[in-house]
Amino acid sequence: FETTVLYQHPHEPSMPVAVVAIRETSLPDATLSTLFPAIRRRHTNRSAFTGDALAPDAVAAICDVLDAYPRTLRALLHQHQEALAALVTEADRELMSRSAVRAELAHHLRKRDGQQGDGICTDTIGINAPLGVASWVMRNMNLGLVQAERDRERLEKSAVTVMVTADDDQVSLIQAGEILERLLLTITLHGLQYTFINQPVEVPSIRNQLQSLALTAPPPQLMISIGAASENSRPAPRRPVEEVVIR
């Protein structure tokens, strides 16, 4: 099969943001076909990176994706790591000081039995909350410091951090998501792990500093750290396909 994505016309806001057309073909995209086995294995890493160097073939594959989409994907220079870590730390503290953010996090977390189809299981991020997840998160005022320490360690031991940039309109964000998926599957295919770092993007003043640091035209939407991990964190439960696909 091959697919074509039709995007919303800017003057037709009542139309869907994107429509995917699927057609049978005898000549599928060879590059996309090689990524298919990584779909089931792909998931966000929540363990620490080992700091090991990447294999040359993995570096080449990741660079190929970055080179193909220079407006959307930007590798951050190693010399910016300390400044980047400072922005992440500031954003972690700022966000976790807000009760609304902690309430949203509490709603998103799930007990380790993993019976619910959404959210993140507490054991995958090292939370032990015997009195209940929600009450533990809401009462723990040091979450910002804890999260900042974890994020700084990931940044320091990752092999590379990539910024995803796009304009803030819906179509641009959808297109950036498609490109990001190619990168994530490429990372997974080569036995590597990735971690999302989105806190600096969620604080407007820090987002502006991040954009100035990376010298990008479109604003930053997300950052991901890439590296080798000593163990794979357990994937969070996912909804069955039939619950998220409309036929």
Side-chain angles (χ1 to χ4, degrees), residues 31-32 34-89 91-92 120 124-126 147-166 173 175-202 206-207 210-211 213-216 218-236:
T31 301
L32 292 180
T34 61
L35 296 177
F36 192 81
I39 292 176
R40 287 185 176 273
R41 291 160 39 204
R42 183 203 64 77
H43 68 279
T44 305
N45 172 62
R46 295 186 173 86
S47 303
F49 291 117
T50 62
D52 296 341
L54 305 187
D57 61 331
V59 173
I62 291 171
C63 287
D64 285 345
V65 180
L66 299 185
D67 290 343
Y69 305 100
R71 180 174 169 82
T72 304
L73 302 175
R74 174 72 61 88
L76 297 177
L77 300 178
H78 183 74
Q79 67 194 55
H80 293 152
Q81 188 179 65
E82 189 59 36
L84 180 60
L87 292 177
V88 172
T89 298
D92 278 325
I120 301 173
T124 66
I125 56 175
Q147 186 63 44
E149 183 177 346
R150 289 168 62 93
D151 288 338
R152 177 177 284 273
E153 181 181 10
R154 288 195 185 103
L155 283 170
E156 290 175 348
K157 293 189 176 181
S158 65
V160 63
T161 296
V162 174
M163 182 185 295
V164 181
T165 69
L173 293 175
Q175 292 173 327
E178 294 174 27
I179 294 170
L180 173 62
E181 185 66 16
R182 288 198 182 206
L183 176 60
L184 299 184
L185 291 176
T186 300
I187 293 166
T188 302
L189 191 67
H190 285 82
L192 301 174
Q193 300 293 323
Y194 64 87
T195 297
F196 291 129
I197 302 177
N198 59 318
Q199 296 89 331
V201 177
E202 297 178 15
I206 300 178
R207 186 192 195 198
L210 190 62
Q211 185 173 6
L213 181 71
L215 298 175
T216 61
Q221 301 291 348
L222 180 69
M223 291 191 299
I224 59 170
S225 286
I226 305 167
S230 57
E231 60 181 50
N232 293 339
S233 58
R234 181 166 63 85

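Using a 4.5 Å heavy-atom cutoff, the side chains of M223 and L84 are in contact. E149 is not listed as a side-chain neighbour of R154, based on a closest heavy-atom distance of 4.5 Å or more.
Here the CZ atom belonging to F196 is positioned 5.0 Å from the CG atom belonging to L184, to the nearest 0.5 angstrom. The CG atom of L189 sits 11.0 Å away from the CD1 atom of I39 when rounded to the nearest 0.5 Å. Considering CG of L180 and CG of L173, their distance stands at 11.5 Å, rounded to 0.5 Å.
Closest heavy-atom contact between I62 and T186: N-CG2, 4.3 Å. In plain terms, the two heavy atoms of R46 and R150 that are nearest each other are O-NH2, 3.5 Å. Of all non-hydrogen atoms in L210 and V201, the two that sit nearest each other are CD2-CG2, 4.2 Å. Across all non-hydrogen atoms, the minimal contact from T216 to Q211 is O-NE2, 3.2 Å. The two residues L54 and A228 have their closest heavy-atom pair at CD2-N, 4.5 Å. When all heavy atoms are compared, the tightest approach of L213 to H80 is O-CE1, 3.7 Å.
In this structure a side-chain-to-backbone donor-acceptor pair under 3.5 Å is missing from T72 to Y69. Looking only at distances, no side-chain donor or acceptor of R71 sits under 3.5 Å from a matching main-chain atom of T165. Of the possible donor and acceptor atoms, none in the side chain of S225 sits under 3.5 Å from a partner among the backbone N and O of T161. In this structure, Q81 contributes its side chain and L155 its backbone to a donor-acceptor pair below 3.5 Å. Side chain of Q193 to main chain of F49: no donor-acceptor pair is present (N/O by atom type, distance under 3.5 Å, no hydrogens or angles). A donor-acceptor contact shorter than 3.5 Å is absent between the side chain of Q199 and the backbone of D92. Counting only distance, with no hydrogens or angles, the side chain of T195 and the backbone of N45 share a donor-acceptor pair below 3.5 Å. The backbone N or O of A214 sits less than 3.5 Å from a side-chain atom of R74, completing a donor-acceptor pair. Proximity of a side-chain donor or acceptor of H190 to a complementary backbone N or O of T188 within less than 3.5 Å is not detected.
Scanning for salt bridge (Lys or Arg N to Asp or Glu O under 4.0 Å) contacts around E178 gives an empty result, with sequence neighbours left out.
A salt bridge is absent between R207 and E202: the closest approach of a Lys/Arg side-chain nitrogen to an acidic carboxylate oxygen does not fall below 4.0 angstrom.
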For this session: Applying side-chain contact (heavy atoms from CB on, under 4.5 Å), run through M163 and Q221 and close with a yes or a no.
Result: CA-CA 8 Å; M163 182 185 295; Q221 301 291 348; over 6 Å; no

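Put simply, the residue from I197, L73, T44, V162 that forms a side chain to side chain contact (heavy atoms under 4.5 Å, CB included) with I224 is V162.
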